[in-house]
Amino acid sequence: MTAVVVAIPQPRADELAAELELEGVVVLSVVGTPAAVGAELLSGAGAIIVPASRAVLTADLIATCDRAGVRIIALGGADTRLLSRLGLSASLPPDAAGWQVAEALAADPEPTTEGPAAQAPRRVIAVWGPQGAPGRSTVAIQLAVELSRRGRSVGLVDADTVAPSLALLLGLSDDAPGTAAACRRAERGVLDAAELTRLATRIGAGAGECEVLPGINRPSRWPELSDARLRAALMACRDWVDDTVVDVAGAFDADDELTYDLTGPRRHAATSAVLRDADLIVAVATADPLGISRFLRDHAELRRLTSPTPLVVVVNRVRHGPLGIDARGQVRRTLERFGGIDDVVFLPFDQRATDAALLHARPMSEVAPRSAFVAAVRGLAASLSPEGPTTTTAGSSRGSSPAFRRLRSALAARGGSPGADGPGSTS
């Protein structure tokens, strides 16, 4: 006989508890709010019934239930993407009767981790940063490249409605249909993987390739990237590639509804839509006093808008000039003191590699494969990648550029090698 804890709002909680008792299910306790659920309350329980919402299904609640060996039965309208990402079975209707819940308790849990699908989930990764050009687009490009080098199929989407730049940085035509066309087709319900491939431009990325959807060519076209359109396009992207890396603007204006007409388009709806739908957010800050200050001002509002979506803080352009000798230490202490952020990824400033990437309009790893910035982003991609196949050059800072491949071929023809004893030695 199954014993459960009912943790849904009243008066439905008492009604459901009575219906479950009639079905032979033992109700240990009825809790008005899931926040009050602790390990002692779950003692002896086989399952807990909670609302299916982001605010309730937090990492703390799931960890507590896992430690106690308690199943989570969710009631409500949460999408299957959220539940599968949390490792939960599909939710029941919000007004599910006691017999429906009893059947779910008697049934075996649906498998949530099986084979390659569990090892390689489809994800939307938003790359955000405060206003002031902290390097969002540069990080987004290189992150997409490194994820593709690790065997993932990757789409790079420009959803910046303020200063779109992926087309310019990658030498693509800014008249290409790209993201705006994908949004229009998604609104009509005709956007699928084949159509996305047709709209995208493929770029070589060393050992892998990326599909790029360029952004709008004029900021005045921002209404084309509306909330509903962009969310529908992102849903289609999940069936298109393994990882969709989305470059967004700095402003998201979570409280637009207080200052704008509710029925009209919102200026920064695209950014808010991507951040809300993302499975992972990479938040980029610049390693100088102004950049860190701007980041901290927006960080609290970002978490209010997107919690509990995982967020990785990346501090870009780390150098001694504006922060003194211990630049990393100062940034780390500041973020921990004023933002409660204790896990930070640092990306070094490499002016020569940046200039070369701008000159050739190519990803930085193509023109400067041994750059310290490239190596740092490669480590970031490795930490973000689920377990899966990797390419032979995934852990190397060289070997993917055309120049190095030509050098290697020439040395091989001469009987040499770019190893420890050859001209290409790094020792």
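Heads up: numbering here begins at 1 and tracks the sequence. Values reported hereafter were calculated over all heavy atoms of this structure, with side chains retained and with hydrogens, waters and symmetry mates removed.
Taken to the nearest 0.5 Å, the CG atom of Leu16 stands 5.0 Å off from the CD1 atom of Ile8. In this structure, the separation between CG on Leu234 and SG on Cys183 is 7.5 Å, given to the nearest 0.5 Å. We find the CG-SG distance between Leu191 and Cys237 to be 7.0 Å, quoted to the nearest 0.5 Å. Considering OG1 of Thr179 and CZ of Arg229, their distance stands at 12.5 Å, rounded to 0.5 Å. Atom-to-atom distance recorded for His268:NE2 and Asp160:CG is 10.0 Å, nearest 0.5 angstrom. Rounding to the nearest 0.5 Å places CG of Leu172 at 8.5 Å from CG of Leu166.
A salt bridge links Arg238 with Asp279: the distance from a Lys NZ or Arg NE/NH1/NH2 to an Asp or Glu carboxylate oxygen falls below 4.0 Å. Between Arg149 and Glu146, at least one side-chain nitrogen of the basic residue sits less than 4.0 Å from a carboxylate oxygen of the acidic one, meeting the salt-bridge criterion. We find that Glu224 and Arg184 are joined by a salt bridge, their nearest charged nitrogen and carboxylate oxygen being less than 4.0 Å apart.
No donor-acceptor pair under 3.5 Å is formed between the side chain of Arg218 and the backbone N or O of Ile216. A donor-acceptor contact shorter than 3.5 Å is absent between the side chain of Thr286 and the backbone of Asp288. No donor-acceptor pair closer than 3.5 Å links the side chain of Arg136 to the backbone N or O of Val284. At least one donor-acceptor pair closer than 3.5 Å links the side chain of Gln100 to the backbone N or O of Ala97. Checked by atom type and distance alone, the side chain of Gln330 pairs as donor or acceptor with a backbone atom of Leu323 at under 3.5 Å. Side-chain N or O atoms of Thr306 include none that pairs as donor or acceptor with a backbone N or O of Arg276 at under 3.5 Å. Although no hydrogens or angles enter the test, the distance criterion places a donor-acceptor pair under 3.5 Å between the side chain of Arg267 and the main chain of Thr161. A donor-acceptor distance shorter than 3.5 angstrom exists from the side chain of Gln10 to the backbone of Asp14, with no hydrogens or angles considered. No donor-acceptor pair closer than 3.5 Å links the side chain of Trp128 to the backbone N or O of Val282. Side-chain atoms of Arg71 come within 3.5 Å of backbone N or O of Leu105 as a donor-acceptor pair.
Put simply, the side chain of Asp239 does not reach to within 4.5 Å of the side chain of Asp192, judged on heavy atoms. Residues Val331 and Val318 are not in side-chain contact: their nearest non-hydrogen atoms beyond the backbone lie 4.5 Å or more apart. The shortest side-chain heavy-atom distance between Leu311 and Arg303 falls under the 4.5 Å cut-off. The closest side-chain heavy-atom distance from Arg294 to Asp298 is not below 4.5 Å. Pro289 is listed as a side-chain neighbour of Pro322, based on a closest heavy-atom distance under 4.5 Å. Side-chain contact between Asn316 and Phe373: present, with at least one pair of heavy atoms (C-beta onward) separated by less than 4.5 Å.
The heavy-atom pair separating Ala159 from Val246 by the smallest distance is CB-CG1, 3.7 Å. For the pair Pro134 and Pro130, the tightest heavy-atom approach, listed with the atom from each and the gap, is CD-O, 3.3 Å. Residues Ala273 and Arg231 come closest through the heavy atom pair CB-CG, 3.8 Å. What you find for Val70 and Ala45 is that their closest heavy atoms are CG2-O, 3.6 Å. The heavy-atom pair separating Leu225 from Ala270 by the smallest distance is O-CB, 3.6 Å. In terms of heavy atoms, Glu19 sits closest to Gly98 at OE1-N, 2.8 Å.
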Practice prompt. For the pair Glu336 and Arg333, evaluate salt bridge (Lys or Arg N to Asp or Glu O under 4.0 Å) and give the outcome as yes or no after the intermediate values.
Written response: CA-CA 5 Å; Glu336 184 175 5; Arg333 288 189 292 270; over 6 Å; no
Item to complete: Kindly determine whether Arg304 and Ser307 satisfy side-chain hydrogen bond (donor to acceptor under 3.5 Å, both in side chains), including the steps that lead there.
Response: CA-CA 6 Å; Arg304 187 186 72 81; Ser307 181; over 6 Å; no
Worksheet item: Under the side-chain contact (heavy atoms from CB on, under 4.5 Å) criterion, do Leu156 and Leu170 qualify, and how do the steps go?
Response: CA-CA 11 Å; Leu156 182 58; Leu170 294 173; 4.1 Å; yes
Fill in: CA sep, side-chain torsions, deciding dist, call: Val101, Val25, side-chain contact (heavy atoms from CB on, under 4.5 Å)
CA-CA 10 Å; Val101 177; Val25 178; over 6 Å; no
Worksheet item: What do the steps show when you test Arg198 against Arg185 for side-chain contact (heavy atoms from CB on, under 4.5 Å), and what is the final call?
Response: CA-CA 12 Å; Arg198 189 184 71 82; Arg185 286 160 174 76; 3.1 Å; yes
Practice prompt. Report the C-alpha separation of Val315 and Leu335 in whole Å, then their side-chain angles, then the decisive distance to 0.1 Å, and conclude whether the side-chain contact (heavy atoms from CB on, under 4.5 Å) test is met.
Written response: CA-CA 10 Å; Val315 178; Leu335 293 177; 4.0 Å; yes
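Every residue was checked against the side-chain hydrogen bond (donor to acceptor under 3.5 Å, both in side chains) condition with Thr334, not counting sequence neighbours, and none meets it. Partners of Phe295 by ring-ring contact (aromatic ring centres under 6.0 Å, His included), not counting sequence neighbours, listed by chain and number: His299. Residues satisfying the side-chain hydrogen bond (donor to acceptor under 3.5 Å, both in side chains) criterion with Arg328, sequence neighbours excluded, are absent altogether.
The closest side-chain donor-acceptor pair between Gln142 and Ser365 falls under 3.5 angstrom.
Put simply, the residue from Asp158, Asp247, Ile141 that forms a side-chain contact (heavy atoms from CB on, under 4.5 Å) with Leu169 is Ile141. The one candidate from Ser153, Ser148, Ser385 that meets the side-chain hydrogen bond (donor to acceptor under 3.5 Å, both in side chains) condition with Asp242 is Ser153.
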